[in-house]
Amino acid sequence: MKKSLYIFIALAAMALTACEEFGPVFTGKYKNPEPTEDWIPVELEPTHTIAQLAAMYETGKPWQIDKDIIIAGKVSTTDKPGNFYKSFYIQDGTGGMEIKVGKNGLYNDYLPGQTVYINCNGLSLGMYGYKSGNYGGNGMVQIGYEDPTGEYETAYIENSFIINDHIFKGEYGDPVTPTVITEADLPSKNGTLSSCKYIGTLVTLKGLKYADQAFALLYLDSNKNTKESSNRIFLSDKRWGITTWAMSESKMKEYLYSGIWDSVNIGNANDYNYGTVADRRVVDSETGAVSYPGIEKAAYSVSQYFTMGSTEIQIRTSGYSKFADTEIDPEVLEGRKTIDATGILTLYQGSIQFILLDITGVEVVD
Amino acid sequence: MFRKLIVAFATVLCSATLLAQTGGVKGTVVNRSGRMPVQGAAVTLSLNGEKVASGNAGTDGKFLFEGLENGIYQMTVKAEGFNDVNVNVTVEGGFVKDLIFVSMVSTQTVKDVDDSSFIEFDMDDSGYTDNPAILFGSNDPYNNVAGYGFSAIRFKNRGYNNETQDVYLSGVKMNEAMTGYSPYSLWSGLNEATRSKETTIGNESSDCGVGGYNGITNILANPAAVRPGWRFSVLTNSALYRLRLMANYASGELDNGLSYAINVSARLGGNDWIKGVYYRSFAYYAGVEKKINDVHRITAYTFAAPGQRGAQNASTQEVYDLMGDNMYNSNWGYQNGKVRNARVRRTFEPVFVMKYTATPSDDLEASATFLYRTGFNGYSALDWYDAADPRPDYYRNLPSYYYLEDPDYGRQNLGKSLWANEMWTNRSSSYAKYQHIDWDRLYNVNYNSEGGRSKYALEERHVDQNDINLSGNVKWRASSLFTLTGGVDFKWNRTENYKVIKDLLGGQYYVDIDQFAERDFASSEALVQNDLDYWLQNGRKAQKVDVGDIYGYDYFAHIRRAGLWANGQFTVGGFTGNIALNAGYDSFWREGLVRKGLFAGLDDNGNEIVVDGKTLTTYDSNGKVITSKGKSDVARFFTYRAKLGAAYVFKGGHRISLNAGYFNDAPTFNQSFVSPRTRNTLTPNLTTQKTISTDLSYQFSNNGYNVRVTGFWTKIMDQTDMMSFYDDSQNSFTNFAMSGIDQRHAGIEVGAKIPLPLQGLSLSAVVSWGEYIYTSNPRMTQTIDNSSEVIFDNQEVPYWKSHPIYKRVTLEDGTKVFDVDVDGNPIVEKQQKHYVPSTPQLATHLALNYRTNSYWFFEINGQFYANSYLDMNPLYRTQMAVAGPDGIASPTEIEYMAAQEKFAPVFLLNASAGKSWYFQRKYNFGFSLELKNITNNRNVKTGGYEQTRLIDGAGADRYYRFDPKYFYMSGINYMLNIYFRF
């Protein structure tokens, strides 16, 4: 009898001690991990400057980087206000470059001002926004991953493993200080980092005057082919009543339902065969409610046109940015006041596209 | 009482041949289904065919024979209304063998050799699962297997949902007020205290209520019904938790009429198969009962099963294949090198019961019960704000997101796919952060966050009930021909649903806003507030929440339910019949405790809410205000149930019974709101669920043969259902409220136990074979928690009950194409039915049992399951999903998108063995060992679900599905239970 009781106790004790699960699971208390120290792998000494790397790009030829190229720079942007999406820019003294990481909330892992090292071997160097011809020009050289579909010269890297294998976090630092530049410092439409070291860097442009023109591209249905002319509505050449930096979905509805876009043609400029926005207008006979079925209500990016001296500056803002619906000061819209703008200087089809980090980058000047 | 019995058996004792060393037999004759004493049962002992002794059990069912010489006796127990029991009893060493309980089976069910008087198998509390397929305590050969033996595969009896099982505790219906689920987890770990139960099957009624169409289980749980004496057990198993320790003591009824009982247990540890799944659960039960006199009896007891356990998550087959393990669990990761599960259920839900029973005469018994349930039930999950999705098996982390062979998926980046493949398949420890939750990273993000705002946090979703029940029952045996039972019951339930911050993961605070709304309504800070009133009253600042603070959502579910029922039973000779009726009134409503910016509703004075000149108040398509705060409309339903039953017992052990019922049941709270977390809007077309059900049984029980064959047919109409999924494209819950779901369940179940020529050897076979199908196309309303937009507004789901299969022809070159009629339209060959999911519609079990007179038992069994289907998502059965962006539904698209996955058939081999020993008349020691899934089949899907998302085809003319997610059964596993009792 006693024997069986001993066996019973022994078994219970064995079961208790033998199992690894009786750790924190048992107490329910987990120790907070130690903060990860800043670290730079010793072998990561930059081999090239950003400008040197950018110079290795040949127009129209995305390059699957097969050389041991390491660049380094400070993170100059943040995706926190939402105007940058899934990527960040780094800059060294020679210029700036966008790293198409492909994850949300990058500012959580790559803090503004933090030094980042890119082991480029295995990544892809390409240009976004190049357009040939008289009305075109250069876009921006970027680092991403190979896009086998050829739709873009580079794709987002996206995959955590590739990211961690190529993008290394260095020491934290103060956020990048913007450089105040003049009209003469601005790039030409075929500009590169060799000719203008401010491309892709954080700069302040002073005295921008509103050019009374906005641009946005709307779709009837983004689930369908967005390249089809019949699926596109261009708001261009005029202000079209857009008084905000961009438009969230609710703001877009507000503009649309007010009727200010009713005269806009549907289709590409050379293909106005699909009627106008007004043709989509439906008024409920009972409630009087207005709707526009068949036009996609969504957040849309807007370019607001300014001039710096005689140079056109498009300030382009994402409809998903948190300041999308911020109204531009009416006195600025009326041309009575100018603004100083701080953001990333980029080229898109030879035009200067200026991207604000946040609405705090806009300062109204009397 | 006991002394009287001894006197009663005096003559027996005197006539028995007394040897130098004589032993005895004692025990209590009880009703098998409920362990209630069977008074006056005739007990006869024979040795080698000769009658040695006989007598009658006392009013408490006890009997005692002494002065027996060593030998193997045949004991026969007979009682009116019960099948005879034949038991072999070994008397040796001069001890009085205590059989504890000799269970008798009511003639209403089939007789069986009674296991429990021989050995305590304890197979039904092996700890494998908290949710038995059915909770039957009877020894019906079918129910024994279906209830426990089929639970690992998640078998649903007759294909019915869990909530169709009516589970009572001391006569009070315990099914969850909000969902109707049977609440086994309330008393899990209290196997001893809840062992005594009364059960019925199918459409049968019981003494505690009319019941539904899937049986009634009434757990007695009063101290006097707990097996007297001490009992200790240690159980270890490898499929769920490592260790269970249990102790139990019950006094039995003492001379002063007092009974008391306690039961405590602990379930601890992880298992061999699913990492991150663990238990740290405890349980207690304490009760006291006083029999004041022959008329009055008072019972009070309380219990709870506090504790926590880590949960398992379903993943896609791609993930399982990459990990090389179908039991991969994406819920955990390493924190400082220790396994931590993000999804932990933490509960403490004590129940208090008081019962008064009056027995003014032998023919009349009445009782009144008060039951109160309170406490909390929390379930944790990761929450994050403006940061990357932390779940390791997020679809964008998988190779298939980057590359799929078919170019129409638009996933052609093979290079990235190979990197992703490496990330999942490399088994070195540095890759663990990709394959499991990377807790260390989450903490570091929070450490670095500006102002200490947590970007990642653990939330705990609470469903905290306050549940008060009053129930009165009466049983009146009017004559030998007629018995009337009846009762009234009332339920008051208020359940608070909310979430709190459980852990800030190294940060200082979390901000209570709706981030999805923030993305869509950048222009209005008011709209993104989860608690608009707080924001307005606190200088337009959203609340910073700390650990333990409520955030996100907070609402009461109020439920009131009252019912009245009666059941008349007639007995004439071999014929019994009954008619049972129930009428009830159900009402429920939602009461929002916070005002969400998106659904601001009207202010306390009934005015529209305007912030900064912008009206926040919105209205639905019927012009009704959409509101999150305050009382919703009250949903009210008149319910009723009616049942008829008849049975006839023929000579020679044959019995035929027929039961039928009609049920008009209210929908549950959870099925009735389009988005209960965010607004007061009730599901459209809310109506009662109507069910008609009938079953016909034939039973045969004689000479050790024990057979039951039942045919059943049930039609369920007008069901509503609410499916809520986390949709990462919306970063929010998306809700599908469906109404008008009809189902038909028809099938047969067979249970047979057949003695084989070798003594102690028997064969048992069980078959459950049915067809459980959908018979209607319901309507669906789809909403997203964080948007006022109604995506589908009460639209038909045209491919829910079936989808067409089109005729194909083979061309001369061998290619197959769809055949067309003269108008060029494809020809429908047949309609493919869609099935009620998540249970095998064919389940079979064949077992060989062997029992020895020295209390050994062995069993080996094989099980075969087939016709199990995956749970369907209504989105894939809509015209929108089938047709694709171009709006044209081609035969290829219909057959692809609407199809329902059928799981592969499964064969399982299991074996068990056990033995018990008796020491010094009073000690009983024993073990049982079970091996399950001996062939180590690790490809057994037990369920899963379809994701609710679509992939756009590159050609913009069709959609593709996301991969479904599955749960798998554990591979080979064991359970060892050792017990000791005295």
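First the proteins, then the strands, lettered A, B, ... as listed; each starts at 1.
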Over 12 non-hydrogen atoms of neighbours within 6.0 angstrom of [atom1] in [X]:
X: Glu34(A); atom1: CD; result: no
X: Asp284(A); atom1: CG; result: yes
X: Tyr152(A); atom1: OH; result: no

Under a 4.5 Å cut-off applied to non-hydrogen side-chain atoms, are [X] and [Y] in contact?
X: Ser160(A); Y: Tyr434(B); result: yes
X: Lys455(B); Y: Tyr107(A); result: yes
X: Lys322(A); Y: Asp386(B); result: yes
X: Leu414(B); Y: Pro148(A); result: no
X: Asn448(B); Y: Tyr172(A); result: yes
X: Val445(B); Y: Asp109(A); result: yes

### Task
Specify which of Asn32(A), Asn104(A), Asn164(A) makes the most heavy-atom pairs with chain B at under 4.5 Å.
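The candidate making the most pairs under 4.5 Å is Asn32(A).
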
Counting heavy-atom pairs under 4.5 angstrom with chain B, the leader among Asp79(A), Asp165(A), Thr287(A), Thr149(A) is Asp165(A)

Interchain contact, [X] with chain A, by part (heavy-atom threshold 4.5 Å):
X: Arg340(B); value: both
X: Gln412(B); value: both
X: Arg346(B); value: neither
X: Asn413(B); value: both

* Report the C-alpha separation of Trp419(B) and Glu158(A) in whole Å, then their side-chain angles, then the decisive distance to 0.1 Å, and conclude whether the side-chain contact (heavy atoms from CB on, under 4.5 Å) test is met. => CA-CA 11 Å; Trp419(B) 277 92; Glu158(A) 277 191 295; over 6 Å; no

### Heavy-atom pairs under 4.5 Å with chain A, option from Gly623(B), Ser449(B), Ala420(B) with the top count
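Of the candidates given, the most pairs with chain A belong to Ala420(B).
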
Sequence neighbours excluded, the answer for side-chain contact (heavy atoms from CB on, under 4.5 Å) partners of Asn231(A) is Tyr219(A), Leu220(A), Asp221(A), Lys224(A), Thr226(A), Glu228(A)

Handout entry: Between OH on residue Tyr30(A) and CG on residue Leu458(B), distance to nearest 0.5 Å
Key =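 Interatomic distance, Tyr30(A) OH to Leu458(B) CG, rounded to 0.5 Å: 10.0 Å.
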
- Give a yes or no answer on whether the side chain of Lys416(B) reaches the backbone of Ile162(A) with a donor-acceptor pair at less than 3.5 Å. no

